[in-house]
A.B. asks: 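Handing you this structure, nothing more for now.
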Number of protein chains: 4
Amino acid sequence: IDKDYVKYFQSKNKLMPYTWGVIRIDGSHFHKFADVHNFEKPNDEQALKLMNECAVGVLDAFREFIFSYGVSDEYSFILKRSSHLQRTHASDIVSSVVSFFTSMYVMKWKAFFPLTDLVCQPSFDGRVVCYPSTDILRDYLSWRQVDCHINNQYNTCFWMLVKSGKSRSEAQQILKGTQSQEKMELLANNFGIDYNAIGEKLRLGSSAFWEEETGCSKIVVQHCNIIDGGFWEAHPYILA
Amino acid sequence: IDKDYVKYFQSKNKLMPYTWGVIRIDGSHFHKFADVHNFEKPNDEQALKLMNECAVGVLDAFREFIFSYGVSDEYSFILKRSSHLQRTHASDIVSSVVSFFTSMYVMKWKAFFPLTDLVCQPSFDGRVVCYPSTDILRDYLSWRQVDCHINNQYNTCFWMLVKSGKSRSEAQQILKGTQSQEKMELLANNFGIDYNAIGEKLRLGSSAFWEEETGCSKIVVQHCNIIDGGFWEAHPYILA
Amino acid sequence: IDKDYVKYFQSKNKLMPYTWGVIRIDGSHFHKFADVHNFEKPNDEQALKLMNECAVGVLDAFREFIFSYGVSDEYSFILKRSSHLQRTHASDIVSSVVSFFTSMYVMKWKAFFPLTDLVCQPSFDGRVVCYPSTDILRDYLSWRQVDCHINNQYNTCFWMLVKSGKSRSEAQQILKGTQSQEKMELLANNFGIDYNAIGEKLRLGSSAFWEEETGCSKIVVQHCNIIDGGFWEAHPYILA
Amino acid sequence: IDKDYVKYFQSKNKLMPYTWGVIRIDGSHFHKFADVHNFEKPNDEQALKLMNECAVGVLDAFREFIFSYGVSDEYSFILKRSSHLQRTHASDIVSSVVSFFTSMYVMKWKAFFPLTDLVCQPSFDGRVVCYPSTDILRDYLSWRQVDCHINNQYNTCFWMLVKSGKSRSEAQQILKGTQSQEKMELLANNFGIDYNAIGEKLRLGSSAFWEEETGCSKIVVQHCNIIDGGFWEAHPYILA
Ligand SMILES: Nc1nc2c(ncn2[C@H]2C[C@H](O)[C@@H](COP(=O)(O)OP(=O)(O)OP(=O)(O)O)O2)c(=O)[nH]1
Ligand SMILES: Nc1nc2c(ncn2[C@H]2C[C@H](O)[C@@H](COP(=O)(O)OP(=O)(O)OP(=O)(O)O)O2)c(=O)[nH]1
Ligand SMILES: Nc1nc2c(ncn2[C@H]2C[C@H](O)[C@@H](COP(=O)(O)OP(=O)(O)OP(=O)(O)O)O2)c(=O)[nH]1
Ligand SMILES: Nc1nc2c(ncn2[C@H]2C[C@H](O)[C@@H](COP(=O)(O)OP(=O)(O)OP(=O)(O)O)O2)c(=O)[nH]1
Ligand SMILES: O=P(O)(O)OP(=O)(O)OP(=O)(O)O
Ligand SMILES: O=P(O)(O)OP(=O)(O)OP(=O)(O)O
Ligand SMILES: O=P(O)(O)OP(=O)(O)OP(=O)(O)O
Ligand SMILES: O=P(O)(O)OP(=O)(O)OP(=O)(O)O
Ligand SMILES: [Mg+2]
Ligand SMILES: [Mg+2]
Ligand SMILES: [Mg+2]
Ligand SMILES: [Mg+2]
Ligand SMILES: [Mg+2]
Ligand SMILES: [Mg+2]
Ligand SMILES: [Mg+2]
Ligand SMILES: [Mg+2]
Ligand SMILES: [Mg+2]
Ligand SMILES: [Mg+2]
Ligand SMILES: [Mg+2]
Ligand SMILES: [Mg+2]
């Protein structure tokens, strides 16, 4: 009985060669996961550090990634452009990365949350998108970093309001329709907070990448502006 | 700066409606992983039980699966046919399942290997294939179960030969080209082993599925012949 | 200079094996094409015969089709299920069929419209869809035949009203929201037309297929009910 | 009876935005078609002119194409890069272009072959490939033009040998393994032919494109070197 004809049903969904492949993973139901494990609001430093640690692990294990950017419960990994003329299978790379990341997240949990047991299990979804040019890839990264900034500013305001005694729906009401500038003023005037002085990690998210130095290269995590050109000019080899 | 046009690059790879979707995950580099953690050869009972436990977890968390079959470092999960007229995204379901499974594998490790620390991390790849008919789905499952039997018989012989003092290459040489019947005789004559008496778990792999009983249904793990019709006749609701 | 690496950008979009592949072509801008060439309203017998002739040509040239159904400016061709374990490329089969059909349409034009010159050129779009089961394939064909009936009934009413002196927008207004039964009565009462007596070709569309007879098989065009089971029971070999 | 759920089986295979889409069509069985209609060997001027005429028709009708290149029985059409953020459906554009081209080929036949009746029908297959960068698109076009040159040089030698009395297999034998330079010499020494003096149409193939001039733009057909940079520098707006 030769049943292996069933293999032919597999469809080969390959990445387009010479494009920038981006794998983005995102925590499943992290709203609940953060709650259950008492993450600090709006940002839990240990949780972010754990995400970064796992991203570093991915970069170390999968040498075809040259840059990654993370914020909140998500991380984006950039495949080196030249790496896949031998068209990579989409489901292969996505599933391997998301599985590896998850595995590391659980294994390293205790190192970052020594006092908290995992009471429900973390998991992530993943997807891959190909971008045909470096400009568009940079627009993708800018999109994620702008998103980080917007969410973070909103969340900072929201939780300051809640901590100051407002109900959640009052806080929501107050923030509805406000512009970035107004939120800055709200923080400054009501809570004496200078938003720009808030840690870069929170405003800028985390970039994990291979830093090339004379003679060697190592993985670093930085909190830098990846929207403007400066970072990319200082690290021309990344998107070479 | 509105960069969210980058979303349009995502391609929607959906599963074909009214087909049987199968998600198969497979341990990455488990040859090494098994070695490093001293899995018994050829089959480590605790390792298989851990795999089954994770499969039960998947069935419990993702209610769209109605059957699953596992052997060695792999597991196949069958999506209920009627479940996806709203065509599911391939990468979504594959990545979520593989991540969930991995997460559980690490979290449950200690319960199954209390004396062994995880020294390197387990991870899995995943893929999805759609089968248009129940017959072809059953051929798929038969293909996996036949594979289980063939590998298991070979491995049993191989490791018995090695344990009896042959070198690995000698054992390989002896088994080269042998038929199933010859392997049975080798085991019987040289080692007094009746292959058919070997645990069903090993010969048949593991099926985890929802068992329907009067008034309730629960997930069970069984080691049954899923090639012949008997099992399916006894559980007509599974592939209904 | 070896530039043929550019071949690797081609993605292989193959049909799923063991499903029913349907290629549907549809005339581009036939509203205008029919006008320009003075097709009779609502149905031009010669135009329909020309469509059927081309469909017969496709069946004769591409032996992997076993049935086809046409109405108005469209035709659907059904690929024999067993014919494509060697997964056919989607764009290959679609483009070849649509090109062949178009070619024949132009070449045979004069035979059907001896007094009318082609003043603008006919062309067709094409697509392919795979259906996993015979039931769903039959639902597809029923969908097209119901569509034929609904459009035809509407158009018959519309053009009778217009020929009787109503403006186009008046006719549209009268028919707005009417049910099938009301349209039958409108035709009977106002114009003495018994819709059911209208030629089957118009009510039922055209089916072109291989008719198997003792010792030989030949392509025929019939106007039959393909929604009910009768036709399929009388021709069991078609969807075998 | 609502059967239109069958529409959901259609999968949307869209072109990647901001890439260069290339539709290539190629005559089906033109070896036989050329024979049957007594095309001159190796190149039939009227046949090439007819192909060009049809390409001009495509450019005129589908304004999203900005360049096209043809040789032998094939033609490649380049989609303007900015034209498809609204991701075009692959089968739609391929089928429409191949159908339009075919239609025109048949309609214009008599104008180019007034003494030859179409005894069998021409048809074409079609496919679409997306290229992520202008460099790769130019490599694609170079690949086709190099192919044109190689085939043309070979065919020129082959048919000169055959016309001079060699059998086809002798001619094949003589040319086996020869380099471009040797073929030039064979033509020069045996037949007094200077290959470089052979019409550019034959050596370079045909480029049909929109020529922009002060105040207006029109479609032209030229036989130019599209491998080197000169042409593209003189027409910077084409790949802008
Ligand atoms: N308190 C707290 N919550 C966080 C932190 N980082 C992420 N989260 C939570 C807040 C957000 O609700 C959630 C991320 O938003 P998502 O849009 O990914 O939603 P969620 O993961 O709940 O659902 P999903 O399964 O992704 O659709 O994770 C943190 O540092 N502290
Ligand atoms: N000793 C031992 N090894 C096992 C057991 N279950 C699985 N393995 C190992 C033996 C096989 O080499 C390996 C499974 O074969 P695969 O073809 O999946 O290879 P592997 O995972 O090494 O590579 P891959 O990343 O899947 O290509 O896992 C077990 O119970 N005991
Ligand atoms: N007078 C007349 N018109 C017909 C006949 N058969 C088809 N047509 C016309 C009427 C319809 O407007 C048109 C078919 O409808 P479609 O939905 O395919 O529209 P059309 O081809 O105009 O646009 P498309 O390019 O397919 O989106 O063809 C006929 O026998 N007589
Ligand atoms: N005599 C002659 N033959 C030509 C001319 N242009 C094209 N052909 C013929 C010669 C080639 O055999 C054929 C084109 O080669 P293809 O590789 O496209 O092969 P063909 O179309 O026969 O098969 P296909 O259906 O494309 O796989 O067309 C011409 O100008 N004169
Ligand atoms: O889940 P979100 O809200 O971050 O956004 P998304 O994942 O891009 O959306 P979807 O889950 O619907 O793909
Ligand atoms: O990895 P194997 O050997 O079990 O087989 P496979 O995973 O189906 O093969 P591949 O990894 O090449 O898809
Ligand atoms: O063109 P229609 O109206 O017959 O319907 P369709 O072709 O299925 O719709 P679309 O052209 O939008 O795919
Ligand atoms: O048909 P050929 O030889 O010009 O080459 P191709 O069309 O690229 O090859 P295939 O028909 O196999 O896709
Ligand atoms: Mg999401
Ligand atoms: Mg999330
Ligand atoms: Mg998120
Ligand atoms: Mg594998
Ligand atoms: Mg494995
Ligand atoms: Mg395996
Ligand atoms: Mg349409
Ligand atoms: Mg139409
Ligand atoms: Mg139509
Ligand atoms: Mg070809
Ligand atoms: Mg050809
Ligand atoms: Mg060709």
Side-chain angles (χ1 to χ4, degrees), chain A residues 1-11 13 19 22-28 57 61 89-109 118 120-132 136-147 227, chain B residues 1-11 13 19 22-28 57 61 89-109 118 120-132 136-147 227:
Chain A
I1 21 163
D2 191 7
K3 310 284 192 195
D4 78 349
Y5 79 94
V6 295
K7 286 206 266 187
Y8 294 106
F9 287 79
Q10 234 172 275
S11 73
N13 191 19
T19 58
V22 178
I23 280 117
R24 179 164 85 248
I25 67 165
D26 182 282
S28 302
H89 284 254
S91 74
D92 221 46
I93 184 79
V94 172
S95 62
S96 298
V97 166
V98 82
S99 175
F100 186 95
F101 192 98
T102 306
S103 180
M104 201 146 181
Y105 195 94
V106 181
M107 285 178 70
K108 299 271 180 179
W109 175 265
L118 272 173
C120 70
Q121 49 174 125
S123 73
F124 296 82
D125 67 34
R127 70 191 77 187
V128 62
V129 185
C130 288
Y131 292 110
I136 301 177
L137 174 68
R138 287 208 28 212
D139 279 348
Y140 169 80
L141 290 169
S142 299
W143 175 54
R144 298 324 299 147
Q145 193 166 46
V146 166
D147 210 60
I227 298 177
Chain B
I1 22 163
D2 190 7
K3 310 283 192 197
D4 77 349
Y5 79 93
V6 294
K7 286 207 267 189
Y8 295 105
F9 288 78
Q10 236 172 273
S11 73
N13 191 18
T19 57
V22 178
I23 280 116
R24 179 164 85 249
I25 66 166
D26 182 281
S28 302
H89 283 255
S91 74
D92 222 45
I93 183 76
V94 172
S95 63
S96 298
V97 167
V98 81
S99 175
F100 186 95
F101 191 98
T102 307
S103 183
M104 201 146 182
Y105 195 94
V106 180
M107 285 179 70
K108 300 270 180 181
W109 176 266
L118 271 173
C120 70
Q121 47 174 129
S123 74
F124 296 82
D125 66 36
R127 71 190 76 188
V128 61
V129 185
C130 289
Y131 292 110
I136 301 177
L137 174 67
R138 286 205 33 209
D139 279 348
Y140 169 79
L141 291 168
S142 299
W143 175 54
R144 298 322 300 144
Q145 193 166 45
V146 165
D147 210 60
I227 298 177

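Keep in mind the model is a prediction, meaning the values are calculated, not measured. Below, read A as the first sequence line, B as the second, and so on, with proteins coming before strands; counting in each chain starts at 1.
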A.B. asks: How many angstroms lie between CE in A/M107 and OG1 in B/T102, if you round to the nearest 0.5 Å?
C.D. replies: 12.0 Å
A.B. asks: Given that the side chain runs from C-beta out, which part of B/V129 has a heavy atom under 4.5 Å from chain A: side chain, backbone, both or neither?
C.D. replies: side chain
A.B. asks: Verify, without hydrogens or angle tests, whether A/S99 (side chain) and B/F124 (backbone) share a donor-acceptor contact under 3.5 angstrom.
C.D. replies: yes
A.B. asks: Please determine, among A/G126, A/S103, A/G57, the option with the most heavy-atom pairs under 4.5 Å with chain B.
C.D. replies: A/S103
A.B. asks: Which heavy atom of B/S95 sits nearest to which heavy atom of A/V98, and what is that distance?
C.D. replies: O-CG1, 3.8 Å
A.B. asks: Kindly give the heavy-atom pair with the smallest separation between A/Y140 and B/V6, and that separation in Å.
C.D. replies: N-CG1, 3.7 Å
A.B. asks: For a 4.5 angstrom cut-off between non-hydrogen side-chain atoms, does A/F9 reach B/I136?
C.D. replies: yes
A.B. asks: Among A/A90, A/S123, A/A61, A/S96, which has the most heavy-atom pairs under 4.5 Å with chain B?
C.D. replies: A/S123
A.B. asks: Taking every heavy-atom pair that is under 4.5 Å apart, which of B/P122, B/P132, B/S28 has the most such pairs with chain A?
C.D. replies: B/P122
A.B. asks: Check side chain to side chain donor-acceptor pair (under 3.5 Å) between A/D139 and all other residues, then give those that pass, not counting sequence neighbours.
C.D. replies: B/K3, B/Y5
A.B. asks: For A/R24, what residues pass the salt bridge (Lys or Arg N to Asp or Glu O under 4.0 Å) criterion, not counting sequence neighbours?
C.D. replies: none
A.B. asks: Look up atom OG in B/S91 and atom CG in A/N13, then write down how far apart they are to the nearest 0.5 Å.
C.D. replies: 9.0 Å
